[in-house]
Structures are given as C-alpha cells and as structure tokens.
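These figures come from a predicted structure and were not determined experimentally.
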Amino acid sequence: MSPSREPVEETSVEPVRPPAVPDRHGPHVGAVLVLLAWWGFGNLYEAIVLMPWVWGLPPGSVPGEFAAGSPVFYFVPALIALLALVWALVVRVHRDGSRRAVLRAAVLVTIAAAGTGVLVGTVNPTLRDPTATVADVHAAVVMWEIGNALRLALVVAAAVSLLRRSS
C-alpha cells in the first residue's frame, strides 16, 4: 500500500522588481525625438522627391533661399529648436546614467547640422547658377544626395541613442 499523497498546489514565484522610476526627462526627450523625426522625414522628402525634380530642371531654375516654398522656412526653425533642446537635455541629465547617450545624440545632431551648412554653402550655389552646365547641376544633385544620406544616418543614430538611453 502506498502512502496517500495530497496534491501539492504549485505556486509561481515572480521575481521581485524594483518599483519603476518615473522618467523625469521623458517629455523633453519626446520633443527632441519629434524634431529628429521632422528632420529625418524632411531629408527623405528631399532625397525621394525634391532632388529628382531638381535633376530635371535647367540650370539656374532653383528658387532663391528665401523665396516662397524654400526649405529654409521649415528646416531652419526646427533645426534651431532641435539644437537648443538636445543641448539643454545634455545639461539636464548631468547626473543620470543616460548622460553618454544624450551627449552622443547631441554631438550627432550638431555634426548633422554642420553638414547641412556645408551642403547648403557648396551645393546650393551651383543649383541656382544660370551659367552652370547640366553636368554641374547633376554633380551637385549627386553630392547633395550623398550628404543628405549621411545627415539622415546621423539623425537616425541620434534617435537610436536617445531611445536606448538607460533612464
């Protein structure tokens, strides 16, 4: 005869997790991410729509920097706000474990912004020059597309750095 066993009730034990710490910088990081998305989608628009259109234009057909519809009116304010917000975030997280990620994002954004200045200063004059050849315009468009791809990669890397931050 075997001893009777009563069924043993199994209980699951979940690991003890420390209470979640609210993200003090969440809204600030969210604003930076929105501006990074704005810039990133603007770069995609330039790559997919604007530059192929410019490729087919005769030399000197690109409107002036401050003409109606110029990208200056929607990129410059967003870029200035982005630079201000991302560097303000660096100052705010000086004691957090996410400082490196935020600093990395700020440096990447700053490099991308400097790249924009270089592109605008070197490529745009050729696109607006009525004496430029079609080959010059095509070379300028290719240069813009390469620089634009680099800027887009920097913007994505900055966003990934912020999304992976530890706090």
Side-chain angles (χ1 to χ4, degrees), residues 25-94 96 98-166:
H25 308 300
H28 193 152
V29 170
V32 170
L33 288 170
V34 165
L35 289 171
L36 284 171
W38 178 330
W39 194 11
F41 285 118
N43 285 352
L44 281 175
Y45 176 81
E46 283 180 347
I48 296 168
V49 177
L50 190 60
M51 286 297 125
W53 173 71
V54 170
W55 182 277
L57 293 177
S61 297
V62 174
E65 300 268 339
F66 298 103
S70 170
V72 166
F73 296 118
Y74 55 87
F75 274 134
V76 171
L79 185 56
I80 291 169
L82 175 59
L83 284 166
L85 282 174
V86 76
W87 283 104
L89 186 60
V90 169
V91 172
R92 286 187 69 203
V93 298
H94 62 88
D96 291 4
S98 64
R99 175 151 173 87
R100 281 190 179 157
V102 171
L103 182 59
R104 182 182 315 112
V107 169
L108 291 168
V109 166
T110 303
I111 293 169
T116 298
V118 170
L119 276 177
V120 169
T122 59
V123 174
N124 283 7
T126 303
L127 298 177
R128 291 186 171 84
D129 184 2
T131 63
T133 65
V134 171
D136 291 339
V137 171
H138 288 178
V141 167
V142 169
M143 182 61 68
W144 186 274
E145 290 285 37
I146 292 168
N148 199 33
L150 292 172
R151 288 187 307 162
L152 187 56
L154 291 167
V155 167
V156 169
V160 168
S161 183
L162 286 177
L163 290 170
R164 288 188 174 174
R165 75 192 203 293
S166 61

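Residues satisfying the ring-ring contact (aromatic ring centres under 6.0 Å, His included) test with Trp53, not counting sequence neighbours, are none. With sequence neighbours left out, the side chain to side chain contact (heavy atoms under 4.5 Å, CB included) criterion links Ala159 to Leu33, Leu36.
Nearest heavy-atom pair across Ala140 and Val123 is O-CG1, 3.3 Å. Of all heavy-atom pairs between Trp55 and His138, the closest is O-NE2, 3.1 Å. Closest of all the heavy-atom pairs between Val54 and Val62 is CG1-CG2, 4.0 Å. The nearest pair of heavy atoms linking Val72 to Pro77 is O-CD, 3.5 Å. The minimum heavy-atom distance linking Glu145 with Pro52 is given by the pair OE2-CD, 4.2 Å. The two residues Val120 and Asn124 come nearest to each other via the heavy atoms O-CB, 3.2 Å.
One N or O on the side chain of Thr122 and one on the backbone of Val118 form a donor-acceptor pair closer than 3.5 Å. No donor-acceptor pair closer than 3.5 Å links the side chain of Ser161 to the backbone N or O of Arg104. In this structure a side-chain-to-backbone donor-acceptor pair under 3.5 Å is missing from Ser98 to Ala101. In this structure, Arg165 contributes its side chain and Val102 its backbone to no donor-acceptor pair below 3.5 Å.
Going from atom CE of Met51 over to atom CG of Asn148 covers 7.5 Å, rounded to the nearest 0.5 Å. Atom CG of Leu44 is separated from atom CG of Leu152 by 5.0 Å, given to the nearest 0.5 angstrom. One distance of note links CG of Leu119 with CG of Leu150; it measures 8.5 Å at 0.5 Å rounding. Rounding to the nearest 0.5 Å gives a distance of 6.0 Å between OH of Tyr45 and CG of Leu50. Rounding to the nearest 0.5 Å gives a distance of 11.5 Å between CG of Leu127 and CE of Met143. Atom OG1 of Thr116 is separated from atom CG of Leu154 by 9.5 Å, given to the nearest 0.5 angstrom.
Residue pairs meeting the salt bridge (Lys or Arg N to Asp or Glu O under 4.0 Å) criterion with at least one partner in residues 68-87, sequence neighbours excluded, do not occur; the list is empty. Counting only residues at least two apart or in different chains, salt bridge (Lys or Arg N to Asp or Glu O under 4.0 Å) contacts with residues 30-55 comprise Glu46-Arg151. Contacts classified as salt bridge (Lys or Arg N to Asp or Glu O under 4.0 Å) and involving residues 108-123 (residues at least two apart or in different chains) are not found.
Between Trp39 and Leu35, the closest side-chain pair of non-hydrogen atoms is not below 4.5 Å. When side chains are defined from C-beta on, Val137 does not count as touching Leu57, because their heavy atoms never get closer than 4.5 Å.
Atom CZ of Phe41 is surrounded by 12 or fewer heavy atoms from other residues, nucleotides or ligands within 6.0 Å.
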Side-chain atoms of residues 106-113: list all donor-acceptor pairs with protein atoms under 3.5 Å, sequence neighbours left out, distances to 0.1 Å.
residue : atom : partner : partner atom : Å
Thr110  : OG1  : Trp87   : NE1          : 2.8
Thr110  : OG1  : Ala106  : O            : 2.8

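A donor-acceptor pair shorter than 3.5 Å can be found between the side chains of Thr133 and Asp136.
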